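Everything below concerns the one structure shown next.
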Amino acid sequence: AGVVAYGLVDSADLQIGTSYLRLSLDDGVAQTRNAGLSDVTVDVKWRFLERGPWSLALKPGIIIPVGSEARGLGRGNWAGGSLLVLSYEPGPVSFHSHAGYLYNNLVGEQRSLWHFSGAVTWQATEALKLVADVAYDTNPLAYGADGVFRAVVGAIYSPVKNVDLDIGVKRGYQAPALGVALLAGLTLRW
């Protein structure tokens with residue numbers, strides 16, 4: 001996934017993102033492989049309240065269906081929603097929470113999707129931050145578990161001021177998020 005963020009003002013950022021997907025499906029009869037760009041997300045994150053270590057932000061956004069739905073790379077429909085972000089950063093240990101809603105207009109899936117998550121970060125050294133995050137999302141499928149739980153543990157290493165190298169492990173606990181994934185990322189600031 002790639003995201004480009006631009007600071008509109010000190011308290012608001014415009015974020016545009018997309019992912020490059022590689023899919024391999026094997027149904028026992030045939031094997032299908034597809035690769036390409038997924039849908040584009042456009043969000044604005046606005047920190048509207050900052051009081052000492054506390055901050056509150058709103059992040060409305062849309063999903064633009066540019067990925068190929070026929071090849072499994074995109075949704076095929078527009079969607080929109082918003083996140084409310086609460087952060088408490090008193091020192092080396094910080095806490096963050098998200099509560100969000102997405103209007104999902106895909107046929108055969110639930111219309112209202114909710115997201116709740118909480119994270120704790122620890123600035124272990126000047127260059128190393130450790131992260132743990134748990135999340136609950138509404139299962140978009142009309143069958144199966146009511147919700148999908150995920151957990152992520154990881155580290156962010158900043159070898160120089162404007163570069164972050166991220167690595168982590170994500171574990172999903174119900175379908176459609178079952179399984180384990182290795183995460184890696186790079187953040188460049190200018």
Side-chain angles (χ1 to χ4, degrees), residues 1-19 41-63 80-102 112-140 145-190:
V3 176
V4 174
Y6 177 76
L8 301 171
V9 294
D10 284 345
S11 61
D13 297 329
L14 173 66
Q15 301 173 352
I16 301 171
T18 190
S19 297
T41 59
V42 179
D43 302 290
V44 174
K45 185 176 181 182
W46 171 46
R47 283 180 321 282
F48 61 89
L49 179 67
E50 291 187 81
R51 297 272 192 272
W54 294 94
S55 67
L56 196 56
L58 188 64
K59 186 180 176 187
I62 59 171
I63 300 172
S82 189
L83 281 173
L84 184 64
V85 182
L86 174 65
S87 294
Y88 177 62
E89 302 179 74
V93 177
S94 300
F95 304 91
H96 308 278
S97 61
H98 295 92
Y101 172 80
L102 177 72
S112 294
L113 302 180
W114 294 93
H115 169 84
F116 300 97
S117 66
V120 61
T121 64
W122 174 44
Q123 192 72 50
T125 69
E126 187 175 322
L128 180 66
K129 183 184 288 188
L130 303 177
V131 179
D133 180 272
V134 294
Y136 166 86
D137 291 286
T138 305
N139 187 346
D146 291 335
V148 178
F149 288 93
R150 284 176 231 151
V152 175
V153 292
I156 302 168
Y157 176 64
S158 305
V160 294
K161 181 181 176 185
N162 293 324
V163 176
D164 294 339
L165 303 170
D166 312 336
I167 190 161
V169 176
K170 177 171 72 171
R171 169 93 203 275
Y173 292 95
Q174 288 102 356
L178 271 176
V180 176
L182 180 62
L183 308 171
L186 169 68
T187 302
L188 303 173
R189 289 180 292 281
W190 60 90

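Because the structure is predicted, anything quoted here is derived from the model rather than measured.
D133 meets the side-chain hydrogen bond (donor to acceptor under 3.5 Å, both in side chains) test with no other residue; sequence neighbours excluded. In this view, A127 and T125, Y157 satisfy the side-chain contact (heavy atoms from CB on, under 4.5 Å) rule, not counting sequence neighbours. By the ring pair (Phe, Tyr, Trp, His ring centres under 6.0 Å) test, F48 is found to be paired with W46, residues two or more places apart in sequence or in another chain being considered. Remark: V9 engages S11, A12 in a side-chain contact (heavy atoms from CB on, under 4.5 Å) (not counting sequence neighbours). Partners of S19 under the side-chain hydrogen bond (donor to acceptor under 3.5 Å, both in side chains) rule, at least two apart in sequence or in another chain, do not exist in this structure. For D43, there are no salt bridge (Lys or Arg N to Asp or Glu O under 4.0 Å) partners, not counting sequence neighbours. Judged as a ring pair (Phe, Tyr, Trp, His ring centres under 6.0 Å), and not counting sequence neighbours, the contacts of Y136 are F149. Every residue two or more places apart in sequence or in another chain was checked for a side-chain hydrogen bond (donor to acceptor under 3.5 Å, both in side chains) with Q123, and none qualifies. L102 pairs by the side-chain contact (heavy atoms from CB on, under 4.5 Å) definition with I63, A79, L113, not counting sequence neighbours. Taking the side-chain contact (heavy atoms from CB on, under 4.5 Å) definition, one finds that A5 meets it with Q15, sequence neighbours left out.
No side-chain heavy atom of D166 sits less than 4.5 Å from a side-chain heavy atom of L186. Looking at heavy atoms from C-beta onward, L128 lies out of side-chain contact with I156 at the 4.5 angstrom threshold. The closest side-chain heavy-atom distance from V152 to V131 is not below 4.5 Å.
Note that CH2 of W122 and CG of L130 are 6.0 Å apart. Values are rounded to the nearest 0.5 Å. Note: L58 CG to R47 CZ = 12.5 Å, rounded to the nearest 0.5 Å.
Each salt bridge (charged side-chain N to carboxylate O under 4.0 Å, His left out) pair with one or both residues in residues 179-190, not counting sequence neighbours, appears once here: D164-R189.
Residues H115 and A135 come closest through the heavy atom pair CE1-CB, 3.9 Å. Considering every non-hydrogen atom in both Y101 and S112, the closest pair reads OH-OG, 3.0 Å.
Atom CG of D10 has 12 or fewer neighbouring heavy atoms from other residues, nucleotides or ligands inside a 6.0 Å radius.
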task = Report the C-alpha distance between L14 and V4 in whole Å, list the side-chain angles of each, state the deciding distance to 0.1 Å, and finish with yes or no for side chain to side chain contact (heavy atoms under 4.5 Å, CB included).
result = CA-CA 8 Å; L14 173 66; V4 174; over 6 Å; no
Chi angles and distances behind the side chain to side chain contact (heavy atoms under 4.5 Å, CB included) call for L183, V169 = CA-CA 6 Å; L183 308 171; V169 176; over 6 Å; no
Throw together a table of side-chain donor-acceptor distances under 3.5 angstrom for residues 86-98, partners on residues two or more places apart or in other chains.
{"from": "S87", "atom 1": "OG", "to": "H96", "atom 2": "ND1", "distance (Å)": "2.8"}
{"from": "H98", "atom 1": "ND1", "to": "S117", "atom 2": "OG", "distance (Å)": "3.2"}

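Using a distance-only test at 3.5 Å, with no hydrogens or angles considered, no donor-acceptor pair links the side chain of R171 to the main chain of V153.
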